[in-house]
Amino acid sequence: MVTHDFNVFLEPDAEYGGYVVVCPPLPGCYSQGKTVSEALANIREAIELVLEDMGSRGEEIPDPSEVLVGSVVVTR
């Protein structure tokens, strides 16, 4: 069994009243939840489904360590 550690990004969504969460290494892999915990649980499920689908098609799993997280400061 292989363990993958994917970075995910959570963003508050005022209209939804919770959080939208995206997994950048897996295109189209996103979810949402009313709380951070719920959003993380939901994206875990989405990631598992995407990985299962990729595996069934023989696709290579992207290396999650290739996604870098940075910060850009802008002064106006």
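Linking Ile, Leu, Val, Met, Phe, Trp and Tyr whenever their side-chain heavy atoms come within less than 4.5 Å puts Ile43 and Val36 in one cluster.
Between Val8 and Cys23 the shortest heavy-atom distance is CG1-CB, 4.0 Å. Considering all non-hydrogen atoms of both residues, Glu60 and Met54 come closest at O-CE, 3.2 Å. Closest of all the heavy-atom pairs between Val67 and Asn7 is O-ND2, 3.8 Å. Taking each heavy atom of Ser65 and Asp63 in turn, the nearest pair found is OG-OD1, 2.8 Å. The shortest non-hydrogen separation linking Pro25 to Pro62 is O-CG, 3.5 Å.
Remark: Glu59 CD is packed, more than 12 non-hydrogen atoms of other residues, nucleotides or ligands lying under 6.0 Å away.
The CD1 atom of Ile47 lies 9.0 Å from the CG atom of Leu40; values are rounded to the nearest 0.5 Å. If you take NE2 on His4 and CG on Leu26, they are separated by 9.5 Å, rounding to the nearest 0.5 Å.
Contact annotation: the side chain of Gln32 never approaches that of Asn42 to less than 4.5 Å [non-hydrogen atoms, C-beta and beyond]. Tyr19 is not listed as a side-chain neighbour of Lys34, based on a closest heavy-atom distance of 4.5 Å or more. Counting heavy atoms from C-beta outward, Cys29 and Val22 have side chains that stay 4.5 Å or more apart. Residues Leu51 and Phe6 have side chains in contact (heavy-atom distance under 4.5 Å, counting atoms from C-beta outward). Between Val20 and Leu10, the closest side-chain pair of non-hydrogen atoms is not below 4.5 Å.
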